[in-house]
J.: 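Sharing a structure here in structure tokens format.
These numbers come from the heavy atoms of this one structure, side chains and all, not from hydrogens, waters or symmetry mates. Proteins come first, then strands; the chains are lettered A, B, ... in the order of their sequence lines, and each starts at number 1. In this text the structure is predicted, and so the values were computed from the model without any measurement.
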Amino acid sequence: MTAMTMIEAIRDAHMVAMESDDRVVVFGEDVGYFGGVFRCTQGLQERFGDHRCFDSPISEAGIVGAAVGMAAYGLRPCVEIQFADYVYPAYDQIVSEAARVRHRSAGDFSAPIVVRMPTGGGIFGGQTHSQSPEALFTHVSGLKTVVVSNPHDAKGLLIAAIEDDDPVVFLEPKRVYNGPFDGHHDRPIVPWSKHPLGDVPDGHYSIEIGKARVHREGSDLTVLAYGTLVHVAQAAAEEQGIDAEVIDLRTLVPLDVDAIVESVEKTGRCLVVHEATLTSGFGAELCAVVQERCLFHLEAPIRRVCGWDTPYPHAHEWSYFPGPDRVGRAMRELLST
Amino acid sequence: MTTDRDDTDQPLRLRIPEPARGQHAPDRVRYISAAGEMQKPALDEKVERVALMRKQLVRVLDDEGRAVGDWAPDISVDEKRRGLRNMMLVRSYDARLLRAHRQGKTSFYMQSLGEEAIACGQQQALLPGDMHFPTYRQQGLLISADYPLVTMMNQVLSNEHDPLHGRQLPVMYSSKAHGFFTISGNLATQYIQAVGWAMASALRGGTEIAAAWIGEGATAESDFHAALVFASTYQAPVILNIVNNHWAISTPEDFARGASATFADRGYGFSIPAIRVDGNDYLAVYAASQWAAERARKNLGPTLIEWITLRVGAHSTSDDPSVYRPPEETEQFPLGDPIQRLRQHLEFLDEWDEERHVALQAEVDTQVNEAFAEADSHGSVKTGDVGSARTMFDDVFAELPRHLREQRDRVEELS
Ligand SMILES: Cc1ncc(C[n+]2csc(CCOP(=O)(O)OP(=O)(O)O)c2C)c(N)n1
Ligand SMILES: [Mg+2]
């Protein structure tokens, strides 16, 4: 075990995957010489040479399109989109191509690519450095979607994503790159070195895609969360003195339905949280799953705490962000119904 | 397919550009012409003939500060002094806001150090009613259009007086009245929009033209190519500006330019006249902008201009160029500093001197400092003086729908 930030864990996952499989190539804007604007690929070009890790032109469509072509040849590209907010030029390549190549060719071709991108807010990035577009991927058949919340999982899941035979969209909430941010933006930053999930196994290991993790055990209610909101939910539970069970979904597609059902049947109450806008967000899917499978165990209507249906603001970041106060309040309301 | 593969076939090898970086001194500007060397084509010159000049560089100011050649613009000394003042104002403005960032008063800033001539010079060549579709590095357009500095600063501070209500990242200004389309953080999206705006002007028999702006790095985006094909097909009245400051964050121009010699070359695949211009030569900027604007106004279609300049500072306040940038790059840059060069020209004309320059510097610094003091008195995003969170819900739609009204009520209940 080594104490790492999430950035270091992601870097380490690349190192391990590139070491064990020379078909793994890494590219994107500023990822080669510089090592990425968040430094997640730092040292890769130095170690593996510029034919394994290289800079790309500023063309997200080009990055993902080229990755699909390379994968068709037999490589395993793991590419970076500088911010999730800039993935839209690549959307056609992801949705119409990467996601469907296997199906439309009856398995003749496939697209085992990973498209990594920093996501989420909390850094005063305004509307173009803060978005959480996960639902735009989960709505597409043929894509796996992973959202990580800590260094330990980030390494294991990234290795699994690179080894996966299908395209994986890998979302990295940038606000937890350097510590388990719990939404208290006015308090000092807690580093990963002070958190058990900052301990990352050495060498090769992977975490199965499609498996959730119980982040905090509890019996009063279930919080379905992923990414930064896992830490927010934990803080809210502790501050409210509510014995909430916090599930870190980790993978949105395929979804760990068993973990959800088991927890909601136990607690009888369910809160769904995410940073992304409320309407048609992934939370709506979670509500549907809980309703379909656990209705007769529910003692109260399912509640959602999400980003508002506005573009992500700059000045009003903390009115927008679903922080521990809002989440805690929803927990209390859920328990009182 | 008739033959089998031969195992003596040569294995392929991928070319990855290897530009000068790190410790290597760069050889930054390809194809430099002497001042006055490149001739000025007629407005309606055939594109094939303009293409012959694609490796030349429009330059007016020589090393002594003389304005030479047929590109030397016919503008008054007062207009030149105004250009100098605008550039100095932009530089002083940038320096003040960079300091504001260091003082913890704003979340982010982007300066245009070393590139001031391009926005200031082009703005002087256009008319009120024309529309720019800028990137984040054209604050010179607003400043040269006399947009109030305090208002710009309020935007950067994201305070209650920010006309954009704290919605946008600092420097993402917007002002229709000043011919400045709202800036998007998403690169290249606006290039094609400028073409669309220009097409609309032509469709409706207007007289206004559009100016599209992009960095050399972002020309790799598909939207750039879409813009060129539309501009070419419809012969839209638009100036297609590419600011080649040689860097896209840590990535040198080589990754966007590919194997072509210059970015101006891009125009010729679409039969768009394209020229390269010394972007640190205010008079060349003015003259080339004026030429392109006149072509557009005379219904002669689009013009692409590659401006050669250097990003002297960091990409933004989030960037640390020491990791990737060769030392002494600025000192070795062959096109000098735009403010110094115009100053030298005015001095050569005997229309300027050290004393006046020092006085002007003091004047613009005072103007900037006074504006900043006023903006700062309204607080900033960092002091929490951001106005009501209610405003978040305005302008999502023309009219507030029910679900947003409910969410807005919820925000008020929570606060
Ligand atoms: C679609 C999109 N992709 C990536 C980015 C991130 N990004 C912001 S600025 C930048 C570099 C742009 O370089 P260039 O176009 O040369 O303009 P310059 O900054 O030099 O003015 C990048 C990659 C973005 N803003 N939008
Ligand atoms: Mg650039």
J.: What's the shortest heavy-atom distance between B:Met392 and A:Trp308, and which atoms?
T.: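 Heavy-atom minimum between the residues: CE-CD1, 3.4 Å.
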
J.: Provide the closest heavy-atom pair for A:Tyr33 versus B:Val323 in the form atom of the first, atom of the second, distance.
T.: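 Shortest heavy-atom contact: CE2-O, 3.8 Å.
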
J.: Among A:Ser59, A:Gly125, A:Gly62, single out the residue with the greatest number of heavy-atom pairs under 4.5 Å to chain B.
T.: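 Most heavy-atom pairs within the cutoff with chain B belong to A:Ser59.
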
J.: Identify the two heavy atoms, one from A:His314 and one from B:Ser107, that lie closest to each other, and give their separation to 0.1 Å.
T.: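 Taking every non-hydrogen atom into account, NE2-OG, 2.7 Å.
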
J.: Closest heavy-atom contact between B:Glu413 and A:Arg329?
T.: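 In terms of heavy atoms, the two residues are closest at OE2-NH2, 3.8 Å.
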
J.: A quick test of your reading: do over 12 heavy atoms of other residues, nucleotides or ligands sit less than 6.0 Å from CD of A:Glu333?
T.: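 Yes - once you tally the heavy atoms of other residues, nucleotides and ligands closer than 6.0 Å, there are more than 12.
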
J.: Would you call the rings of A:His129 and B:Phe108 parallel, tilted or perpendicular if under 30° counts as parallel and over 60° as perpendicular?
T.: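 Geometry flag for B:Phe108 against A:His129: tilted rings.
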
J.: Non-hydrogen atoms of chain B under 4.5 Å away: do they reach the side chain of A:Asp55, the backbone, both or neither?
T.: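 Contact with chain B: backbone and side chain both.
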
J.: Check the pair B:Thr391 / A:His316 against side-chain contact (heavy atoms from CB on, under 4.5 Å), numbers first and verdict last.
T.: CA-CA 9 Å; B:Thr391 59; A:His316 295 294; 3.8 Å; yes

J.: Look at A:Val37, A:Ile58, A:Thr128, A:Leu278 and state which one has the largest set of heavy-atom pairs under 4.5 Å with chain B.
T.: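 Of A:Val37, A:Ile58, A:Thr128, A:Leu278, A:Ile58 has the most heavy-atom pairs under 4.5 Å with chain B.
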
J.: Taking the ring of A:Phe34 and the ring of B:Tyr324, is the distance between their centroids below 6.0 Å?
T.: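 They qualify: ring centres under 6.0 Å apart.
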
J.: Flag the one option from A:Asp325, A:Thr310, A:Asp309, A:Asp85 with the top tally of heavy-atom pairs under 4.5 Å to chain B.
T.: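 When all of A:Asp325, A:Thr310, A:Asp309, A:Asp85 are compared, A:Asp309 has the most.
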
J.: Would you name the heavy atoms of B:Leu169 and A:Gly126 that are closest together and state the gap between them?
T.: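 Where B:Leu169 meets A:Gly126 most closely, the heavy atoms are CD1-N, 3.9 Å.
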
J.: Kindly indicate, with the supporting measurements, whether the criterion side-chain contact (heavy atoms from CB on, under 4.5 Å) is fulfilled by A:Glu29 and B:Phe255.
T.: CA-CA 10 Å; A:Glu29 295 158 20; B:Phe255 284 85; over 6 Å; no

J.: Tell me the closest heavy-atom pair linking B:Ala248 and A:Asp30, and the distance in Å.
T.: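 Looking at all heavy atoms of both residues, the shortest contact is O-OD1, 3.4 Å.
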
J.: Does B:Phe230, at its CZ atom, have more than 12 non-hydrogen atoms belonging to other residues, nucleotides or ligands within less than 6.0 Å?
T.: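 Result for CZ/B:Phe230: open.
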
J.: Does a side chain donor of either B:His403 or A:Thr279 reach within less than 3.5 Å of an acceptor in the other side chain?
T.: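 There is no such pair between these side chains.
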
J.: Looking at A:Tyr312, A:Phe54, A:Trp318, A:Tyr86, which makes the most heavy-atom pairs under 4.5 Å with chain B?
T.: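 Sorted descending by pairs with chain B, the first entry is A:Tyr86.
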
J.: Between A:Glu60 and chain B, which part of the residue has a heavy atom less than 4.5 Å away: side chain, backbone, both or neither?
T.: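 When you check distances to chain B, atoms from both the backbone and side chain of A:Glu60 fall under 4.5 Å.
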
